J.: 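One structure, pasted below without further comment.
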Amino acid sequence: MKTSTDGWGSGLLGVIIFSGSLPATRIAVSGFSPMFLTSARAVIAALLGAALLLALRQPKPSRDDLFSLAVIALGVVVGFPLLTAIALQYITSAHSIVFIGLLPLSTAIFGVLRGGERPKPLFWLFSVLGSATVVGFALNSGAEVSLVGDLLMVAAVIVCGLGYAEGAKLSRRLGGWQVISWALVLSLPAMALIALVSLPESWAGIAGDAWAGLAYVSVFSMLIGFIFWYRGLALGGIAAVGQLQLLQPFFGLVLAAGLLHEKVSPLMVFTTLAIVLCVAGARKFAR
């Protein structure tokens with residue numbers, strides 16, 4: 001019971017930290033290209049992760065772990081940040097945040113495929129209902145819909161769910177912060193090269209808000225949030241704790257309205273409430 005409670009607590013902290021990711025990315029792409037933003041945040045986080053690994057003298061992962069680390073890097077270090085950064089050029093962060101409602105289903109599916117979990121049948125009913133609610137919102141939000149932006153967000157959710165499940169599985173042996181740190185270090189050479197190639201032509205016109213957004217997604221979204229998130233998934237179960245992501249729209253919509261002054265429609269609020277009700281049912285039948 002204590003392990004499960006600790007897992008849910010760590011997972012909730014991770015979700016709260018991740019809730020600022022899309023608004024911060026939205027701010028950051030006002031000054032940086034999606035390619036530079038994706039690579040720069042990975043480089044900064046990788047340097048911090050490498051410093052932690054060296055300072056605490058962590059053993060190197062085995063060769064058998066390299067495939068999983070590569071999947072994690074492709075999913076959460078490269079895939080999700082890049083796809084969302086591009087998507088946010090077409091849609092608002094308030095609109096994109098609701099797609100996070102698809103992440104629990106994606107994570108749960110990969111939890112079964114990669115983590116060996118077996119939720120009860122009713123779990124899938126509630127997960128599908130939550131996802132269907134999000135898709136219904138995307139199809140009925142009027143002028144805010146961008147087919148390109150929405151498809152990019154769906155792709156981001158798929159690769160992110162894979163990265164979450166793979167990272168949670170590996171965290172059971174290596175530890176949460178070690179997993180994300182090694183995945184970042186593995187991606188560092190490629191990300192550093194991309195960052196150099198995609199450097200802004202001029203730094204003079206980049207506003208302080210864009211720098212703040214880059215700092216947040218580099219330190220919190222790319223490293224600190226994963227420390228809590230992977231620990232939560234490993235302790236409490238990938239499918240079960242993964243449902244906490246359905247709470248992320250609540251926090252994210254508040255941030256989008258408060259920081260970016262974006263319009264939060266009644267439909268967005270209704271959708272968020274509906275998917276949070278779904279998480280309650282899914283959590284009950286997760287095991």
Side-chain angles (χ1 to χ4, degrees), residues 6-28 37-38 40-53 69 72-85 88 93 96-97 99-104 106-107 110 153 156-157 159-171 174-185 187 191 212-236 238 241-256 259:
D6 288 346
W8 280 86
S10 292
L12 181 59
L13 282 174
V15 166
I16 292 172
I17 292 171
F18 289 152
S19 296
S21 297
L22 291 177
T25 299
R26 175 75 170 179
I27 294 172
L37 177 63
T38 300
R41 67 187 279 181
V43 169
I44 294 169
L47 293 175
L48 293 173
L52 282 173
L53 291 169
L69 288 171
I72 296 164
L74 288 173
V76 303
V77 177
V78 181
F80 185 78
L82 179 60
L83 291 168
T84 53
L88 287 168
S93 66
S96 67
I97 283 166
F99 279 84
I100 301 302
L102 290 168
L103 260 178
S106 177
T107 303
F110 286 113
M153 284 303 302
V157 163
V159 298
C160 189
L162 173 59
Y164 281 171
E166 196 71 28
K169 183 183 72 170
L170 195 56
S171 294
L174 297 185
W177 74 268
Q178 292 93 333
V179 165
I180 189 59
S181 295
W182 283 119
L184 286 163
V185 168
S187 66
M191 291 295 99
L214 173 60
Y216 186 92
V217 297
S218 301
V219 178
F220 291 94
S221 304
M222 200 79 266
L223 183 61
I224 295 177
F226 279 103
I227 294 174
F228 294 106
W229 183 239
Y230 277 153
R231 181 175 183 271
L233 291 175
L235 291 178
I238 298 171
V241 175
Q243 299 305 302
L244 282 171
Q245 295 164 107
L246 286 174
L247 297 175
Q248 193 166 325
F250 265 132
F251 305 120
L253 290 174
V254 170
L255 288 172
L259 297 179

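Computed from a predicted structure; not experimentally measured.
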J.: Check whether any side-chain heavy atom of Asp6 lies under 4.5 Å from a side-chain heavy atom of Arg231, and answer yes or no.
T.: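 Touching, per the 4.5 Å side-chain cut-off.
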J.: Starting at OG of Ser181, measure out to CG of Leu52 and round the result to the nearest 0.5 Å.
T.: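 Going from OG on Ser181 over to CG on Leu52, the span is 5.5 Å.
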J.: Check whether any side-chain heavy atom of Leu48 lies under 4.5 Å from a side-chain heavy atom of Leu184, and answer yes or no.
T.: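 Sidechains of Leu184 and Leu48: no contact.
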J.: Taking atom CD1 of Ile180 and atom CD1 of Ile227, what is their separation to the nearest 0.5 Å?
T.: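 Answer for the CD1-CD1 pair, Ile180 versus Ile227, is 9.0 Å.
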J.: Stepwise, does the side-chain contact (heavy atoms from CB on, under 4.5 Å) test hold for Thr84 with Met153?
T.: CA-CA 6 Å; Thr84 53; Met153 284 303 302; 3.8 Å; yes
J.: Residues in side chain to side chain contact (heavy atoms under 4.5 Å, CB included) with Leu103, at least two apart?
T.: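 With neighbours one apart ignored, the set is Ile100, Thr107, Val157, Cys160, Tyr164, Gln245.
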J.: Are the side chains of Trp229 and Val241 in contact, using a 4.5 Å heavy-atom criterion?
T.: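 Touching, per the 4.5 Å side-chain cut-off.
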J.: Atom CD1 in Ile72, atom OG in Ser187: separation rounded to 0.5 Å?
T.: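 Rounded to the nearest 0.5 Å, the CD1-OG separation comes to 11.0 Å.
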J.: Applying side chain to side chain donor-acceptor pair (under 3.5 Å), can you list everything that pairs with Ser106, at least two apart in sequence or on another chain?
T.: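 Testing Ser106 for side chain to side chain donor-acceptor pair (under 3.5 Å), a comparison that skips the adjacent residues, returns none.
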J.: Return the orientation label for the Phe220 and Tyr216 ring planes: parallel under 30°, perpendicular over 60°, tilted otherwise.
T.: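 Ring orientation, 0 to 90° scale: parallel.
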J.: Which distance, rounded to the nearest 0.5 Å, do you find between the CG of Leu233 and the OG of Ser10?
T.: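 It is 10.0 Å, given to the nearest 0.5 Å.
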J.: Run through Phe80, Phe226, Tyr230 and flag the one making a ring-ring contact (aromatic ring centres under 6.0 Å, His included) with Phe18.
T.: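 So the option named by the test is Phe226.
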J.: When rounded to the nearest 0.5 angstrom, what distance separates CD1 in Ile44 from CE in Met222?
T.: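 Rounded to the nearest 0.5 Å, the CD1-CE separation comes to 11.5 Å.
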